[in-house]
Enquirer: 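Sharing a structure with you now.
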Amino acid sequence: MGVEALQDMLGDSIITTTLGKLVSWGRANSVWPAQFGLACCAMEMITMAGPRYDVGRFGSEAMRASPRQSDLMIVSGRVSQKMAPVLRQIYDQMPEPKWVISMGACASTGGVFNNYALVQGVDKIVPVDVYVPGCPPRPEDLINGLMILQERIKAQGLRSQL
Amino acid sequence: MKTPRKAVAKGGERDERWIQVAPADLPTVLADLKQQGFASWCFLTCVDHLNTPLLLQPPERFELVYQLRNITSRELIRVRAYIAESEPSAPSVHSVYAPAAWDEREVFDLFGITFSSHPDLRRILLPPDWVGHPLRRDYPVGGEPVEFSDDHQSWQTAPAEA
Amino acid sequence: MDSLQAEGITLSRESGPDELKGEVLTVNFGPHHPSTHGVLRLVVELDGELVVGVKPHIGYLHTGIEKQMEALRYQQAVVVTDRHDYLSPLFNNHAYALAVEKLMGVEVPPRAQALRIIMSELCRISSHLVWLGTSALELGAMSLLMYCFRDRDRVMDLNEEISGFRMHTSYIRPGGVMADATPRFWDLLARFLNDMPGNIDEFENLLTANPIWRARTIGVGRLSAEDALALGATGPMLRGSGVSWDLRRDLPYSGYEKYDFEVPISDQGDCYGRYLIRVAEMRQSLRIIGQAASSIPDGPCNIDDRKMLPPPREELETSMEAVIHHFKLFTEGYSPPPGDVYAAVESPRGESGCYLVSDGTHKPRRAKFRAASFVNLQALEKMALGGMVADLIAIIGTADTVLGDVDR
């Protein structure tokens, strides 16, 4: 009785899943990035949102200007010492659950510029989930990074972020 | 172009004309050149000649270089002034050329040369609480030590051979 | 009115002691903002919607490029030059390459000059496309962003075909260019030159006679010719105010004198005039590329000086001198004779130059980049005062500043 009878009646039009899988499926396929274009990598990030690479297919076309409405911060570009506190403030303003993709060599490790002026890797300031290397990475690289992040989000389920 | 009277030296290697003046004469000489038609501002910068291997040593450590352009006669002129390390200051020329305001702030920020009678002399590129003047030759490039680079002797992963 | 009077409310237009007085509001247009085209911070003082004060604060993208270049050899430093004005990397490369070649006293062969001009003008088109797409986006014409980036991707394809990189190709190097063009490159270029004029017509159809675009840009951000010259503006900021000055035509370099092109000028001095200039510049760039591509001479695309450029790898197997040259170039690098030079090119933003000081060693003593955006940004205050805060967005867009260029 019960579920089997229901299933016989309704056939294939119901699916059973866990709440965690449902929530993380929703989160993963609608990751809204905060516009955080700093330097050259921002051009490739905008190209990713452009017609040829079309990140809208992945649900990430809505690049919100306000950090309070976004889930993902793509740090695209070099972070100078003056910009570091601003970056941290924007990260703090994002509501949970939030993720960070460090796009490009400068955001990941300081890149070509191993000098006084840049923070040598944005992971010194914010926790990073995915590093996308390149100078700048191709839009396809960044979409690959986004897809890796989507897998991580789906695996996270309902567990709160550490 | 008529060489201003106050020019101490002049030259024209590689078809690039330059004159040298004493720092105190900078506003008058630049005003004279502007009168002659060199009204277009190219740049102001400073060169630090600390420990230079040149055979002909420059007279002082810092050299201020102004580059001006005459749009009607299509000429360029460079004005040099040598500033001593013991007294790194020069008169501001922002009253003659308005765009000099930011260039002078940048030279102050990166080299530490103060410009008297500048309306707003404070750091422009670095955070306001930065200590030191990075583009001086005795300021290190900074960043992180990298193995197998030129300065790897100062940082090794493995202990020296026993 | 009668209903209000019945309730005992009277409306009076006379000013009395209870008149509302305004206060100047200071708003932070922070470094993180969608419309500042980068990390520019403006502290804006507003009297209602009227802008009464604008103070730019820069330095949020200061990368220490000039210090970095003092720690790199001349041939290594080319890759760093790409990255300060990141929308027009080839122009930075070109200025640096011209400066180094002047110091070394060499001149590149004509084929290299033609290739440099073709890639530079393609870079100018891609920079203006980004400018148009983002400026239109700021003022509400969002579809243009998609159109412009579609065409920019075609320029990136050309970059990729000739050098292997989409952006930051470091294609123009001291001594010549990175690599010769492939047959597929000429094929793609021919198709691009065929399609692009129609695409530019598409952009103009959307904007030039559009009443909303015209209302938001005509009369906004006026800069008179005297002000533009006094503030040191160059490029479309200067030509938009009626001053006819373009380094490509007036002080030709790298073979620009061989080509026939116009320099668009506008005497309106407002955002609309500068928009028309930049769109016309795109068309003129297509013209230059067409002429360069059809008249490109055969020959080497690099100078034949082993003291500056490495020998081809096949020679290393047979010639001892080639091995020595290769070794010297890749360990120590070449050392120009002492001196200082200034080389300037006409970038999409204005006069972009490199002042290079050599002390006879294999690393530069000082590499200063004359950034067009650094000087153009000082004109922002002049253009924005007295306008509305919404016009400020249009003015930031028209100034076309790249913060990498401003902050270096």
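Every chain is numbered from 1 and lettered A, B, ... according to where its sequence line falls, protein lines coming before strand lines.
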Enquirer: Please answer whether the main-chain N or O of A/Gly20 pairs with a side-chain N or O of A/Ser24 as donor and acceptor at a distance below 3.5 Å.
Expert: yes
Enquirer: With a cut-off of 6.0 Å (strictly less than), are more than 12 heavy atoms of other residues, nucleotides or ligands near NZ of B/Lys10?
Expert: no
Enquirer: Classify the side-chain pair B/Thr28/B/Asp25 by whether it contains a donor and acceptor separated by less than 3.5 Å.
Expert: no
Enquirer: Using non-hydrogen atoms and a limit below 4.5 Å, what part of residues 69-95 of chain A faces chain B?
Expert: A/Gln81, A/Lys82
Enquirer: What ring pair (Phe, Tyr, Trp, His ring centres under 6.0 Å) pairs are there with at least one residue in residues 15-49 of chain A, not counting sequence neighbours?
Expert: A/Phe36-C/His32
Enquirer: Quick one: does B/Leu135's side chain get under 4.5 Å of B/Asp48's, heavy atoms only?
Expert: no
Enquirer: So how far is it from A/Glu140 CD to A/Met147 CE, rounded to the nearest 0.5 Å?
Expert: 12.0 Å
Enquirer: Do B/Asp109 and B/Trp130 have side-chain N/O donor and acceptor atoms under 3.5 Å apart?
Expert: no
Enquirer: The criterion is ring pair (Phe, Tyr, Trp, His ring centres under 6.0 Å); which residues satisfy it with B/Trp18, sequence neighbours excluded?
Expert: none
Enquirer: For the pair A/Tyr116 and B/Tyr139, name the ring-plane relationship: parallel under 30°, tilted 30 to 60°, perpendicular over 60°.
Expert: perpendicular
Enquirer: Can you pull out the residues in residues 111-129 of chain B with any heavy atom less than 4.5 Å from chain A?
Expert: B/Ile124, B/Leu125, B/Leu126, B/Pro127
